[in-house]
Number of protein chains: 4
Amino acid sequence: MSFNCFGHVFRFVTWGESHGPAIGAVVDGCPPGLSLREDDIQPFLDRRRPGTSKFTTQRQEPDQVRILSGVFEGRTTGTPISLIIDNVDQRSKDYSDVAQSYRPGHADYAYDAKYGFRDYRGGGRSSARETASRVAAGAVARLVIPEVSILGWVSEIGGDAIDPAHFDAAEIGNNPFFCPDAEAAKRWEKLVDDARQAGSSLGAVVECAATGVPAGWGAPLYAKLDAELAAAMMSINAVKGVEIGDGFSAAALSGEQNADPMRPGEDGPEFLANHAGGIAGGISTGQPIRVRVAFKPTSSILTPVETITREGEASEIRTKGRHDPCVGIRGTPVVEAMMAMVLADQKLLHRAQTGH
Amino acid sequence: MSFNCFGHVFRFVTWGESHGPAIGAVVDGCPPGLSLREDDIQPFLDRRRPGTSKFTTQRQEPDQVRILSGVFEGRTTGTPISLIIDNVDQRSKDYSDVAQSYRPGHADYAYDAKYGFRDYRGGGRSSARETASRVAAGAVARLVIPEVSILGWVSEIGGDAIDPAHFDAAEIGNNPFFCPDAEAAKRWEKLVDDARQAGSSLGAVVECAATGVPAGWGAPLYAKLDAELAAAMMSINAVKGVEIGDGFSAAALSGEQNADPMRPGEDGPEFLANHAGGIAGGISTGQPIRVRVAFKPTSSILTPVETITREGEASEIRTKGRHDPCVGIRGTPVVEAMMAMVLADQKLLHRAQTGH
Amino acid sequence: MSFNCFGHVFRFVTWGESHGPAIGAVVDGCPPGLSLREDDIQPFLDRRRPGTSKFTTQRQEPDQVRILSGVFEGRTTGTPISLIIDNVDQRSKDYSDVAQSYRPGHADYAYDAKYGFRDYRGGGRSSARETASRVAAGAVARLVIPEVSILGWVSEIGGDAIDPAHFDAAEIGNNPFFCPDAEAAKRWEKLVDDARQAGSSLGAVVECAATGVPAGWGAPLYAKLDAELAAAMMSINAVKGVEIGDGFSAAALSGEQNADPMRPGEDGPEFLANHAGGIAGGISTGQPIRVRVAFKPTSSILTPVETITREGEASEIRTKGRHDPCVGIRGTPVVEAMMAMVLADQKLLHRAQTGH
Amino acid sequence: MSFNCFGHVFRFVTWGESHGPAIGAVVDGCPPGLSLREDDIQPFLDRRRPGTSKFTTQRQEPDQVRILSGVFEGRTTGTPISLIIDNVDQRSKDYSDVAQSYRPGHADYAYDAKYGFRDYRGGGRSSARETASRVAAGAVARLVIPEVSILGWVSEIGGDAIDPAHFDAAEIGNNPFFCPDAEAAKRWEKLVDDARQAGSSLGAVVECAATGVPAGWGAPLYAKLDAELAAAMMSINAVKGVEIGDGFSAAALSGEQNADPMRPGEDGPEFLANHAGGIAGGISTGQPIRVRVAFKPTSSILTPVETITREGEASEIRTKGRHDPCVGIRGTPVVEAMMAMVLADQKLLHRAQTGH
C-alpha cells in the first residue's frame with residue numbers, strides 16, 4: 001500500500017479528479033481466465049451512482065465503465081485491467097469561493113498545506129467521486145473470491161439506528177438507503193429529506209458482512225486481515241471509525257462475555273458466538289467477517305462557517321452546489337468494494353505462502 | 001506493508017515468539033546522524049514491561065534491549081538497526097492443554113487453520129510479547145520526529161470511563177493504569193484486582209494524541225494518515241476498533257455540529273474545534289492527531305470454555321498460567337509506539353514527495 | 001516493484017496491449033507544482049514512434065498522449081497522473097498462425113504456460129508497444145530531476161560497433177539509428193536494410209549516460225542504484241544484458257587498472273577515471289552514471305523456425321507482418337526513460353531518508 | 001524491494017556491519033511446515049566462509065548460524081525466521097587511514113556523501129561480509145523450491161576463462177575456485193597467488209544455472225524473472241554486469257542465429273537451443289535459467305592510489321589488512337543464494353496469481 005495504490009498481490013491504483021475528463025483504476029495481479037465483461041462491473045457502479053434519488057447529490061453521471069486492457073475474448077489475461085469512467089456532468093460554475101477560502105472539515109486546507117496548491121473544482125482528487133473507481137475495481141475483486149458473499153447496509157443515520165430484530169437482507173434493495181429495516185427506512189426518508197432541505201448533513205454507520213471466507217486468510221502481524229480492513233475502510237472519504245466484530249463494545253465486556261466458544265460441527269468447528277467478527281490473531285476463523293464503519297456528516301453545508309482564505313484572512317463560507325446530505329448512504333457499495341479488494345488480496349497472499 | 005513488516009520508507013520488521021530465545025526488530029530507512037543509544041530505548045520498554053505490578057502478568061522479563069547494528073559512535077548510520085531482546089522467563093511448563101485444544105478467542109485455531117500447525121508455547125508468534133519489539137522500534141521512530149509529542153493513556157476499563165473534566169496528563173505516570181484521572185485510577189484498582197482474582201479479564205479503551213505534527217503529512221488515497229494509523233492500531237494484539245477524532249460519535253452529528261471552523265491565528269490558522277482528530281482528506285491539519293483504540297478483554301480466563309481439540313473432538317479449556325487481567329493497560333505504550341512509527345514514516349514520505 | 005508497477009516513491013504502473021483500444025501509464029508520487037503539459041511528453045514519444053523510417057516497423061501510430069488527471073492549470077498536483085495513448089493502427093489481420101503455434105524466442109509459449117491462454121494479437125501485453133507508456137512516464141520523471149541530463153545512443157548493431165574516437169553527441173539526432181558516429185551510421189544503413197529485406201533481424205547495444213547526478217543517490221543494499229538500474233533495463237523487451245561502467249570488461253582487469261583515483265577539484269572531488277560508471281557501493285559518486293544494455297535480435301523473422309502448436313504438435317512458423325529489423329534502435333528512448341524513472345525515484349528516496 | 005529488504009512475498013531483510021557484534025537476516029513469508037535446522041544452512045555458509053584457503057581473506061570467521069525464531073519442533077511455522085551469525089574476528093586495529101581518506105573504488109566516499117558519516121571499520125555495512133546473511137537466507141529459499149537445482153561456478157578469473165569443453169560439474173568442489181575445469185583451476189592457482197603476493201586483485205565471472213524451474217514463473221512487466229535476477233545479482237558487492245542466457249553475445253547475432261526452436265518432447269516441449277537462458281517475456285520457459293555475473297577486482301590493493309581526505313585534501317592510500325585477492329570466487333555461493341531467493345519468491349508469486 002503506497003500513495004494511490006492498494007493491495008499486495010491483487011492490487012489497484014486509482015486516478016482522476018472530480019472535474020477532470022475521466023476517472024479510472026488499473027487492477028494488477030488479477031488471476032487469469034476469469035470471465036469479465038463491462039456488464040459484470042456496471043451493476044455495482046449503478047448502485048453507487050449519484051442522482052438516482054432526491055437523497056443523493058443531483059450530479060448526473062451515467063458512470064459507464066469501459067475496459068481498456070487485460071481482457072481478451074471475455075476473459076482476464078492476468079495482465080493489468082484498465083478501467084475508465086468518463087466524467088460527463090462537470091458543471092461549469094464559479095469556483096472562486098472554494099478557490100479562495102478553505103471549507104472547514106474538507107481537505108482544502110490540508111491539500112494546500114501539503115502540495116502548495118490544489119485542484120479545487122468539486123474537491124478535485126479528494127472528492128468522493130474517486131470511489132466510483134474503487135467500486136469498479138471491487139467488482140473485479142469479487143470474481144476472484146466466488147466463494148464469498150459480501151453484503152453491506154446502513155445501520156444508522158444521524159444517530160437513528162435500525163432495530164436488529166427487524167433486520168431483513170431482502171429489504172436492503174427496496175429503499176434508497178441500503179436499509180435492512182423497513183421501518184427505519186421510513187423514518188430516514190423524513191430525516192434525510194429534512195437535512196437536505198435545511199442544507200445540512202448527517203453522519204451514518206455502514207456495516208458489512210462477508211460470509212464464506214474460509215479459515216486461514218490474513219497474515220500476521222502487519223498484514224493482519226483486520227488491519228488491512230481497517231486501512232481499507234479508513235481510506236474511504238468521510239470515514240472516521242472502524243470496528244471489527246463487537247469493536248468498542250468489546251472493550252466494555254469481560255472475558256467470559258466476549259468468548260466465542262467452539263463446538264464440533266458438521267463441516268468443521270461451529271462457533272456459539274461471533275464477538276470477534278470472524279477474525280482471530282489477524283486470521284479468518286471461518287465465521288462471517290463483520291465490519292462497522294463510521295461516516296461523518298459531510299462538511300458541505302449551507303450554514304456559513306467561519307474560515308480563512310488562502311492568504312490567511314478571516315472569512316466565512318457556505319457550501320452551495322450539489323452534494324449528498326448523507327455521504328454514508330452511497331458509501332455502502334464502496335465499503336463492499338473495499339471488503340472485496342482486501343479479501344481477494346488476502347486469498348492470493350494466503351495461496352502464495354501456503355499453496356492452499 | 002507486507003506480512004511482518006510495517007511502514008513504507010521508515011520501516012521495521014519484527015520477529016520472535018513468546019517462548020523462543022529472543023525477540024527483535026530490524027528498523028530500516030532510519031535517517032542517519034541521529035543520536036541513539038540503548039538508553040534511548042530502554043525507558044519505553046520499561047513502561048511496557050510485565051511484572052511491575054499485580055495488575056499485569058507475573059512473567060518476569062527484564063526486556064533489556066541491545067543494538068546489534070546501524071549505530072556507530074552513538075549515531076545512526078542510515079543502515080538497518082537490529083534490536084534484540086532476550087526472553088529470559090519462558091517458564092518450562094506443561095503445554096499439553098493448549099497444544100491439544102484451541103483456546104476460543106485466541107489465535108490458536110486460526111493459526112492451525114492457516115499454517116497446519118503452530119508454536120503453542122505461550123501463544124507463540126501471536127503472543128502480545130511481540131509488542132515489546134514494536135515499542136523498541138517506536139523509540140527509534142520518536143527520534144525521527146522530535147517536533148512531535150506523543151501521549152497515550154487509558155480512558156476506560158471494563159466500561160468504567162474517566163471523567164474528561166478530571167484529565168491530568170501529569171497523573172498518567174502516577175498509577176499502574178496509565179490513567180489521567182486520579183479518581184478513576186482508584187476505582188480501577190479494585191476493578192482490575194477483582195477481575196484478576198476471579199481469573200477473569202477486562203477490555204479497555206486507549207487514547208493517544210500527537211501534538212506538533214505540522215499540516216501536510218499523509219498521502220491520499222491509500223496511504224492516508226488515518227488509514228495508516230487504523231492499520232497500525234488494528235495490528236496490535238486484542239484491538240477490535242479504531243477511531244480518529246470523534247470517530248463513531250461523528251456519525252450521530254450533523255454537519256454543523258461536526259464543523260471545525262478556522263480563524264487566523266498567530267502561527268497559521270487556528271481551529272475552533274477538533275472533531276476531525278487533526279486529519280482531513282487523509283492529511284494532517286496541524287491540530288493534534290487524536291486516536292481511540294478498543295482492546296477486547298483477553299480470552300485467557302479461568303472459567304472453562306467450550307471448545308474443540310485439534311482432532312475436532314468436543315472439549316473444554318481453562319487458561320491457567322500468567323497473563324494480564326487487562327491487556328489494554330500495557331497496550332498504551334504500544335499504541336504510542338505505533339503512532340510514532342506511522343508519523344515518522346509519513347514525515348519521510350512527505351519529504352520525499354515535496355522536499356519539505 | 002511488483003508486477004506491472006515500477007518504483008518505490010516515484011512509481012508508475014503501465015497497462016495495455018498491442019491491439020487493444022489504448023495503452024497508458026499512471027504515475028504516482030510525482031512532486032507537486034511541476035509544470036507539465038502534453039507538449040512536455042510528446043517529443044519523447046515522437047523519438048520512439050514507429051513508422052518514421054524504413055528501419056523501423058511500418059505500423060503507423062501517431063502516439064498522441066493525453067493527460068487525464070493529476071495536472072491542474074498546467075502544474076502537477078501531487079496526485080496520480082494518468083497518461084493515455086490510443087492505438088490507431090491495429091491492423092485487422094489473420095492471427096491464426098500465431099494463435100495456433102508458438103513463435104520461438106517470443107513470449108508466446110511462456111505466457112500460455114503461465115496464464116493458460118494469451119492475447120496473441122501482435123504479442124498482446126508482451127509487445128514492445130508497451131514501451132511507449134514507459135517513454136511517456138519517463139518524460140514526467142525527467143521533470144523531477146532537472147539537474148540531470150540523460151543521453152542514450154546505439155553503440156553497436158549486429159556486432160558492428162561505433163568507434164569511440166568518433167563519438168559526437170550532436171550526431172545522435174542526425175540519423176535514424178541514434179548513432180553518435182557518422183561513419184557507423186552510414187554502415188548501419190546498409191546493414192539494417194539488408195536485414196530488413198532478408199526478413200532477418202539484428203541485435204544491438206544501447207548505451208546511456210546520466211550527468212549531473214549528485215553524489216549520494218541510491219540505497220544499500222537491495223535498492224542500490226545499480227541494482228535498480230539493472231532491473232529497470234532488464235525489464236525492457238528483448239534486453240538480455242546490463243552493464244554498469246566497465247561491466248564485464250572490469251572482470252578482466254586488475255585492481256590497479258580498475259581504480260578510479262580521486263583528486264581535489266574545484267567543486268568537490270575530481271575523479272581520474274570512471275570504471276565504476278558513477279556508482280560505488282550502490283550509491284552515486286557524482287560522476288556520470290554509465291549503463292550499457294544488450295538487445296537481442298527480435299525473434300520475428302521470415303525464415304521458418306521449427307516449433308510446436310498449442311496442442312503440442314510439431315509445426316513451423318514464419319513471422320510475417322510489421323516489425324522492427326532491429327528493436328534495439330527504438331529501445332534507445334526507452335532506456336533513457338527507465339534511467340529517468342530510476343533516478344527520479346532514487347532522488348526522492350534519498351530526500352526521504354536524509355532530507356537533502 | 002526497498003532499502004535492505006529483498007523480495008515480494010518471500011522476502012528477507014539483512015542487517016549488520018563488518019565489525020559489529022553480529023550480522024543476520026530475517027526471512028519473512030516462508031511457507032510453513034518445511035523441515036529446517038541450522039544444519040540445513042551451515043553447509044552453504046561453510047562454502048562462502050573466509051579463511052579456508054590462501055586464496056581468500058585470512059579473517060577467521062566460523063560463521064555459525066543460529067535460528068532465533070520461526071521454527072518449531074524442526075519445522076518452519078510460517079512466521080519470521082531470524083538468523084544470526086556472530087562476528088568473532090573483528091581485529092582491533094588502527095583504522096585511522098580509512099577513517100580519514102577515501103579508498104577509491106570502495107563505497108567510502110559515496111557513503112559519506114549520502115549519510116554524512118560512516119562506520120569505516122572494515123567497510124561497515126558496505127563490506128562483503130553482509131553476503132553471509134544472504135547465503136543463510138538463500139539456504140532457506142532452497143527449501144521452498146525443492147524441484148530446482150542451482151549450480152554456480154567461476155568461469156573466468158582475470159580474463160582467463162575456462163574451456164567450456166572441459167566443463168565438469170563434479171570438479172567444482174575439488175578446488176578452491178569453484179572451477180569446473182580442472183586445467184583452468186591449475187592455472188588460476190598461480191594467477192591468484194601472484195595477485196595475492198603482489199597485493200593486487202583480480203576480477204572474475206561467475207555463472208549460475210537453475211534446472212527444474214517449470215515454465216510459467218515470472219511476472220510481466222516489472223517483476224520479470226530476468227529483471228528480478230538482474231537486480232538480485234547487481235545488488236551483490238563488486239558486481240558490475242549481468243547477463244541472461246547469451247547476454248551481450250546475443251546483441252551480435254541475427255534472429256536466425258538466436259532462435260531457440262521448439263519440438264514436441266516426451267515431457268512437454270523440447271528446445272533445440274537456449275540462447276534465451278530459460279526466460280522469454282520475463283517468464284520461465286522450462287529450460288535451465290542461465291545467468292552470468294561480472295565481479296570487478298576489489299579496490300583493496302597495496303599499490304598506493306591517489307585520493308582525497310574527508311576534508312578534501314589530496315592524499316594517497318594503500319589498503320593493508322585482510323581481504324580477498326579475487327572477491328568473485330567467494331561470490332559464487334552468494335550468486336547461488338540470490339538465484340534461490342528470486343526463484344522462491346517468484347514461485348510463490350506465481351502461485352498467488354494462478355493457483356499453480
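Letters A, B, ... are given to chains in the order of the sequence lines, protein chains preceding strands, and every chain is numbered from 1. These numbers were taken from a predicted model, which means no experiment stands behind them.
- Counting heavy-atom pairs under 4.5 Å between each of D:Gly158, D:Gly281, D:Gly277 and chain C puts D:Gly158 at the top.
- Atom OG of C:Ser254 sits about 12.5 Å away from atom CG of D:Asp194, to the nearest 0.5 Å.
- Aromatic pair D:Phe295/C:Phe248: centroids not less than 6.0 angstrom apart.
- With chain C as partner, the option from D:Ala219, D:Gly123, D:Pro220, D:Gly116 having the largest number of non-hydrogen pairs under 4.5 angstrom is D:Pro220.
- For chain C, the option among D:Ala195, D:Ala238, D:Gly218 with the highest count of heavy-atom pairs below 4.5 Å is D:Gly218.
- Applying the salt bridge (charged side-chain N to carboxylate O under 4.0 Å, His left out) definition to pairs two or more places apart or across chains, those involving residues 255-274 of chain D are C:Glu306-D:Arg263.
- At a 4.5 Å heavy-atom cutoff, the contact between D:Leu272 and chain C is made by side-chain atoms alone.
- Scored by the ring-ring contact (aromatic ring centres under 6.0 Å, His included) test, C:Tyr102 finds C:Tyr109 as partners (sequence neighbours excluded).
- In this structure, CD1 in C:Ile283 is found 10.0 Å from CG in D:Asp112, a value given to the nearest 0.5 Å.
- Neither the backbone nor the side chain of C:Arg103 comes within less than 4.5 Å of any heavy atom in chain D.
- Using a 4.5 Å cut-off between heavy atoms, C:Tyr111 contacts chain D through both its backbone and its side chain.
- For the residue pair C:Tyr222/D:Arg134, the side-chain donor-acceptor check at 3.5 Å is satisfied.
- Both the backbone and the side chain of D:Lys114 have a heavy atom closer than 4.5 Å to some heavy atom of chain C.
- When heavy atoms are compared at a cutoff of 4.5 Å, D:Ser284 approaches chain C solely by way of its backbone atoms N, CA, C and O.
- Atom OG1 of residue C:Thr131 and atom CG of residue D:Leu221 lie 10.0 Å apart, to the nearest 0.5 angstrom.
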